[in-house]
2 protein chains.
Amino acid sequence: MPAESRTPGRRERNKQEKLDRITSAARELFSEYGVDEVTTQQIADKADVGTGTLFFYAKTKAELLLLVHNVKYAEAIDSGVTAAGATAGILDAVMAIVQPIVACNRVQIENGRTYLRELVFGDPDEHHHKVGLELTGRVDDAIAAILSRDGDRNEQDAAQLARIISAIMFINMTATVFMSLSDDSVIGNIRDQVRTLLGAHRVGV
Amino acid sequence: MPAESRTPGRRERNKQEKLDRITSAARELFSEYGVDEVTTQQIADKADVGTGTLFFYAKTKAELLLLVHNVKYAEAIDSGVTAAGATAGILDAVMAIVQPIVACNRVQIENGRTYLRELVFGDPDEHHHKVGLELTGRVDDAIAAILSRDGDRNEQDAAQLARIISAIMFINMTATVFMSLSDDSVIGNIRDQVRTLLGAHRVGV
DNA sequence: GAATAATTTTGAGCGTACTCGGTTATGAGT
DNA sequence: ACTCATAACCGAGTACGCTCAAAATTATTC
């Protein structure tokens with residue numbers, strides 16, 4: 001059958017299809033019940049595979065969350081980068097990046113916190129973990145680019161300030177103290193801290 | 001027996017003695033093998049109590065680590081605060097606080113990381129968790145006090161900058177990327193970031 | 001197309017943190 | 001002294017993430 005030249009074989013297709021089922025099952029269960037309330041057994045059942053198969057596709061439950069959440073996170077970053085490009089002020093542009101990320105991570109607070117926890121404390125050798133770290137790298141780069149709009153600032157400082165802003169975001173999205181706050185309050189807190197960081201207070205504002 | 005007026009009863013004493021045994025057992029096992037390599041059963045055995053009893057005194061394994069590590073952390077903070085008091089420059093004084101904390105948390109890197117993880121993601125209603133959060137509060141206050149030495153800086157900014165410095169410390173002590181670094185490298189990284197932070201809006205350095 | 005190799009699938013089983021119902025020790029009331 | 005309520009203690013049992021050795025499926029070779 002040379003007509004179907006680009007069929008990568010049944011095995012490959014089955015594998016992809018199975019991964020899709022697992023991904024969907026995990027996404028739906030996680031977003032409906034929260035990662036802690038879902039067992040790997042439930043995911044396996046919903047995906048209609050054995051538990052062994054589940055862990056053949058994702059080495060840990062955490063990897064499953066990363067796999068699912070990375071997609072949403074990437075979308076949030078893209079929309080933020082786009083918005084930042086159309087924003088004049090440096091602080092406002094930074095916040096244009098921050099805002100969708102915070103929103104994304106707080107759609108389901110428990111999942112968002114767990115995602116960030118795994119990103120920092122999980123095994124960096126796992127595939128989806130690496131992908132997640134690349135995403136945070138993109139955020140750092142995007143923020144550094146914005147800060148570099150200020151001609152007085154050298155690139156090295158911009159990169160370092162970007163990392164600091166990421167740290168500020170992380171703490172404000174994870175610390176239990178902030179769990180009961182509204183999204184707007186969290187964003188407000190981050191904005192205040194970034195403003196202080198950038199030294200806006202000296203000029204006036 | 002009115003002579004021993006302040007004896008709080010056998011029950012109280014037994015309880016205290018048992019808690020001591022548990023604390024010692026946990027401390028020794030954790031520091032020798034690392035928190036992940038020690039089972040709660042081993043701790044119970046070494047303390048010579050049943051597992052049920054163990055969890056009567058500490059609600060989770062994480063609480064056990066907090067219980068043990070809070071003591072060391074408190075010592076590190078005290079020594080840092082003392083050293084900072086005798087240090088002239090603001091950056092140097094801040095680093096005098098940072099240095100012993102980093103050292104303490106990296107005596108056994110796995111335990112230090114887990115400690116910080118639980119501090120951020122654990123149940124804030126548990127007793128030892130609260131104690132731990134108070135300690136980080138003390139660090140923030142101490143740093144804020146140092147920053148306030150600069151007469152130009154108002155207290156609100158000092159407090160906020162202190163929180164940012166804590167965030168910088170946290171990331172540098174927890175992120176997997178930094179696990180393979182030496183203590184000095186980590187401290188150097190933190191110093192660079194704090195310098196950038198404090199100098200972000202200034203012209204020179 | 002048979003034989004062989006490679007990959008994928010599976011669920012019973014394991015280790016471990018933690019629970020729970022029953023038991024025992026302690027001290028207050030009389 | 002005796003009773004009784006309460007606090008402390010215990011370990012068998014549970015839940016759940018994850019492993020592993022064997023089985024099933026797919027690819028490859030001759």
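So you know, we letter chains A, B, ... as the sequences are listed, proteins then strands, and number each from 1.
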Next item on the list: Determine, for A:E17 against A:R21, whether the closest basic-nitrogen to carboxylate-oxygen distance falls under 4.0 angstrom.
Entry: yes

Next item on the list: Quickly, which of B:D45, B:T39, B:T40 forms a side chain to side chain contact (heavy atoms under 4.5 Å, CB included) with B:Q42? Name it, please.
Entry: B:T39

Next item on the list: Answer yes or no: does a side-chain N or O of A:T53 lie under 4.0 Å from OP1 or OP2 of C:dT10?
Entry: yes

Checklist line | Option from B:H129, B:H128, B:H69 for which ring-ring contact (aromatic ring centres under 6.0 Å, His included) with B:Y115 holds | finding: B:H69

Check: How close or far is atom C1' of D:dG17 from atom CG of A:L65, stated in whole angstroms?
Finding: 15 Å

Notebook entry, point to check: Please walk me through it: do B:Q16 and B:D20 pass side-chain hydrogen bond (donor to acceptor under 3.5 Å, both in side chains)?
Noted result: CA-CA 6 Å; B:Q16 183 58 50; B:D20 287 347; 3.0 Å; yes

Item checked: Of A:A62 and B:K15, the one whose closest DNA chain D nucleotide lies more 5' -> B:K15

Next item on the list: For A:D123 and D:dG17, give me the distance from atom CG to atom C1', rounded to whole Å.
Entry: 16 Å

Check: Quick one: do the B:D140 and B:S166 side chains pair a donor with an acceptor below 3.5 Å?
Finding: yes

Margin query: Please report the distance, rounded to the nearest Å, between CG in A:L54 and P in C:dT9.
Written below: 12 Å

Checklist line | DNA chain D-proximal residues of residues 18-36 of chain A, any heavy atom under 4.0 Å | finding: none

Next item on the list: Provide, to the nearest angstrom, the distance between the CD1 atom belonging to A:I43 and the C1' atom belonging to D:dC16.
Entry: 12 Å

Next item on the list: Evaluate the ring planes of B:F121 and A:F121, with Trp represented by its six-membered ring, and classify them as parallel (under 30°), tilted (30 to 60°) or perpendicular (over 60°).
Entry: perpendicular

Notebook entry, point to check: Does a salt bridge link B:R106 with B:D184, judged by any charged N lying under 4.0 Å from a carboxylate O?
Noted result: no

Check: Nearest nucleotide by nearest heavy atom, which residue falls closer to the 5' end of DNA chain C, A:Y57 or B:E12?
Finding: A:Y57

Item checked: Smallest separation among heavy atoms of A:A158 and A:L147, with atom names -> O-CD1, 3.7 Å

Check: Considering all heavy atoms of both residues, which atom of A:L133 and which atom of A:P124 are nearest to each other, and what is their separation?
Finding: CD1-CB, 4.5 Å

Check: Which whole-number value in Å describes the distance from A:F55 CZ to C:dT8 P?
Finding: 18 Å

Checklist line | Side-chain (A:R149) to main-chain (A:A88) donor-acceptor, under 3.5 angstrom | finding: yes

Margin query: Taking the nucleotide of DNA chain D with the nearest heavy atom to each, does A:N14 or A:T60 sit closer to the 5' end?
Written below: A:T60

Checklist line | Heavy-atom side-chain contact between B:Q41 and B:T51 under 4.5 Å | finding: yes

Check: Just how far, in rounded Å, is P of D:dT19 from CD of A:E63?
Finding: 12 Å

Next item on the list: Provide, to the nearest angstrom, the distance between the CD atom belonging to A:E37 and the P atom belonging to D:dA15.
Entry: 15 Å

Could you list, one pair per line, each protein nitrogen or oxygen that sits under 3.5 Å from a nitrogen or oxygen of nucleotides 13-16 of chain C, together with the distance?
none

Margin query: Closer than 4.0 angstrom, basic N to acidic O: yes or no for B:R138 and B:D78?
Written below: yes

Next item on the list: Mind checking A:F56 for me? I need base, sugar-phosphate or nothing, with any heavy atom below 4.0 Å counting as a touch.
Entry: base

Interface polar pairs with nucleotides 22-24 of chain D, N/O, under 3.5 angstrom:
none

Next item on the list: Mind calculating the distance between CD (B:Q16) and C1' (D:dA8) to the nearest angstrom?
Entry: 15 Å

